[in-house]
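Down below is the structure, laid out as structure tokens.
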2 protein chains.
Amino acid sequence: MEAPIKILIADDEADILEIISFHLVKAGFEVFTAKDGSEAIEKANSYAPDCIILDIMMPKRNGFEVCEYLRSNSKFDKTLIVLLTALNDETSHIKGLELGGDDFISKPISPKVLISRITALFRRLQPSTGQNKIINSNDLSIDLSQYKTTLKGVNFVLAKKEFELLYLLAAQPGRVFLRGEILSQVWGNDVIVGDRTIDVHIRKIRAKLGIDCITTVKGVGYKFDY
Amino acid sequence: MEAPIKILIADDEADILEIISFHLVKAGFEVFTAKDGSEAIEKANSYAPDCIILDIMMPKRNGFEVCEYLRSNSKFDKTLIVLLTALNDETSHIKGLELGGDDFISKPISPKVLISRITALFRRLQPSTGQNKIINSNDLSIDLSQYKTTLKGVNFVLAKKEFELLYLLAAQPGRVFLRGEILSQVWGNDVIVGDRTIDVHIRKIRAKLGIDCITTVKGVGYKFDY
DNA sequence: AAAGCTGGTTAACAATTTGATAATATGGAT
DNA sequence: ATCCATATTATCAAATTGTTAACCAGCTTT
């Protein structure tokens, strides 16, 4: 039921890339890789990862430069940046943190430590981001603050009522909502609409989603199951 | 000016306590000290610090125990916990982070590093303090202090209301702003303007920008997406 | 002072999207 | 087969937004 956290790793050493990404994938993250600074920026833009791990010494653009670029772009305000270095060197440590890095880890890297540090960062960050009422269920994500729905990363557009209806059902997966409940939650208590109206909206949602995640419970109501 | 950030340091070595607290005070923090685990808990309760720095090896109660105590108490939900250790030991590192620590620093401690790490943690935690006056998103840059907007380096002129509207939306990319929110933020609560006024301003911004970075969410509001 | 700007607002209308309903089809249960 | 609840489809009215032009106020220029 967890949101798939996306992590981008940038390092020019292929074996490090491989071993870290192996452990991260095993820990349940969705991982992207880049072999230099330019590729890191490119992939950061296209995949919008939640966390970016940057080696400092990389070709094309070094970790500091990438960090600076990311921090100058408000799109990455909420993105965690972790810097890696071979040097256990105080100066670059401080420089990295001042450029807006969130954490700094010295090589040689222990995958366990890396993962537990990243987990700790997310644990801290989640509650503050947690104002966003986002529902995540498998490939489906529903973000109330953005009125945005994505399926397998691709976003699709729902009209207001459709969105509200899906949001209501998906907020409590498995729970059956009586037609009366749906009416009063989505339409309000004083609005009177016909019985078939709900069906039609359900149908539209099903059509747009492509997958059947809403189950009909005959004589009772509907539930979200996915 | 805001209230100073309160930090509690717990370590049994008096000289370390002294040197760290000296630097923290110099960096503008309000500092409390404790020489063992029990005192740390006591002072944490009475002073409600924003951040607690715990040495792992301490008399009475060690750092892990204190950390565990703090994390079991919801009063300290928002309190940052930084763990210190003499050992550069992976196991206690992970243990500390799993017990709910937010950061972990190995001795010997560099005051500069300590301060920059703490600053980085607070920066993440309090996005309110870091209100950027300049928004950068891809080729678009919006500078509040100069009321200046540039696209791909070329600057273009927005009228006051247009600027304020764009700034509001762009400050939180992706977030949908309800028409009511926009009205109260840009026009103020007591001003009454017609329904179409927002649309017209949105249209002017779109025209001047050339790119479509403002998305309409019908029945809800507008959002900046770029 | 008159004429000319600029920015902000509004009215009027066009274009678009939406939601609700009616009519009809389907499918399972009895 | 019949009944009943839901599914489906098409249609229309209502709601919402886009667009344009006009208006007014305040300020600058002539």
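First the proteins, then the strands, lettered A, B, ... as listed; each starts at 1.
- For A:Phe32 and A:Tyr47, the gap between ring centers is short of 6.0 Å.
- Map B:Leu158 and A:Lys161 each onto its nearest nucleotide of DNA chain C; the residue landing nearer the 5' end is B:Leu158.
- Between atom CG of residue B:Leu169 and atom CD1 of residue B:Ile182 there is a gap of 5.5 Å, rounded to the nearest 0.5 Å.
- Within a heavy-atom distance below 4.0 Å of DNA chain C, the residues of residues 170-190 of chain B found are B:Trp187.
- Taking side-chain N and O atoms only, A:Tyr222 has no distance below 4.0 Å to OP1 or OP2 of D:dA5.
- In this structure, the ring of A:Tyr222 has its center no less than 6.0 angstrom from the ring center of A:Phe177.
- Side-chain contact between B:Phe156 and B:Thr150 is absent, with no heavy atoms from C-beta onward closer than 4.5 Å.
- Using a 4.0 Å cut-off on heavy atoms, the residues of residues 194-214 of chain B that approach DNA chain C are B:Gly194, B:Arg196, B:Thr197, B:Val200, B:His201, B:Lys204, listed by number.
- With rounding to whole Å, A:Ile192 atom CD1 is found 16 Å from C:dG19 atom C1'.
- Residue B:Thr216 has a polar side-chain atom (N or O) positioned under 4.0 Å from OP1 or OP2 of D:dG18.
- A pairwise comparison of heavy atoms in A:Asp143 and A:Phe163 identifies O-CZ, 3.5 Å as the closest pair.
- Atom OG1 in B:Thr215 sits 4.5 Å away from atom CG in B:Asp225 (nearest 0.5 Å).
- Here C:dT18 presents its P atom at 14 Å from CZ of A:Phe163, a figure rounded to the nearest Å.
- Within 6.0 Å of atom CG in A:Leu178, more than 12 heavy atoms from other residues, nucleotides or ligands are found, so the atom counts as buried in its surroundings.
- Considering CD of A:Glu65 and OG of A:Ser38, their distance stands at 9.0 Å, rounded to 0.5 Å.
- Nucleotides of DNA chain D nearest to A:Lys160 and A:Gly221 differ in position, and the one nearer the 5' end is that of A:Gly221.
- Between the side chain of B:Lys218 and the base of D:dT16, a donor-acceptor pair under 3.5 Å is found.
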